[in-house]
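Quick notes on the structure that follows.
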Amino acid sequence: MSDFGVIFCGECNSLQVDSGYDTTSTLRCSGCGNEKEFKVGKVTISSDARVNLDEIITQARTEARILA
């Protein structure tokens with residue numbers, strides 16, 4: 001089993017979140033510039049499963065309570 005989290009912007013729900021290398025925050029949304037609010041969608045997949053990125057993002061959005 002593999003557990004990981006997908007980080008979404010808390011303002012625009014974008015996946016374009018970076019490390020905030022040039023900000024006072026540790027995270028920054030590349031889409032809207034948000035540096036304060038983020039959501040994490042936790043995902044668990046079995047280690048022998050075929051990975052489908054769309055399914056992983058959908059599962060993470062559901063966990064983070066983000067509407068598509």
Heavy atoms only: give me the nearest [X]-[Y] pair and the separation to one decimal.
| X | Y | value |
| --- | --- | --- |
| Arg28 | Phe38 | N-CZ, 3.9 Å |
| Lys42 | Glu63 | N-CG, 3.0 Å |
| Val43 | Ala60 | CG2-CB, 3.7 Å |

Quick one: side-chain contact (heavy atoms from CB on, under 4.5 Å) partners of [X], sequence neighbours excluded?
| X | value |
| --- | --- |
| Ser14 | Cys9, Cys12, Gln16, Cys29 |
| Glu55 | Asn52 |
| Thr44 | Met1, Asp3 |

Kindly compute the distance separating [atom1] ([X]) from [atom2] ([Y]), expressed to the nearest 0.5 Å.
| X | Y | atom1 | atom2 | result |
| --- | --- | --- | --- | --- |
| Ile45 | Ile56 | CD1 | CD1 | 4.5 Å |
| Glu35 | Thr26 | CD | OG1 | 10.0 Å |
| Phe8 | Asn34 | CZ | CG | 14.0 Å |

Ser30 and side-chain contact (heavy atoms from CB on, under 4.5 Å): which partner among Asp18, Val17, Leu15? Asp18
Give the C-alpha distance, both sets of side-chain angles, the deciding distance and a yes or no for side-chain contact (heavy atoms from CB on, under 4.5 Å) between Lys39 and Asn13. CA-CA 8 Å; Lys39 297 177 183 177; Asn13 297 331; 4.1 Å; yes
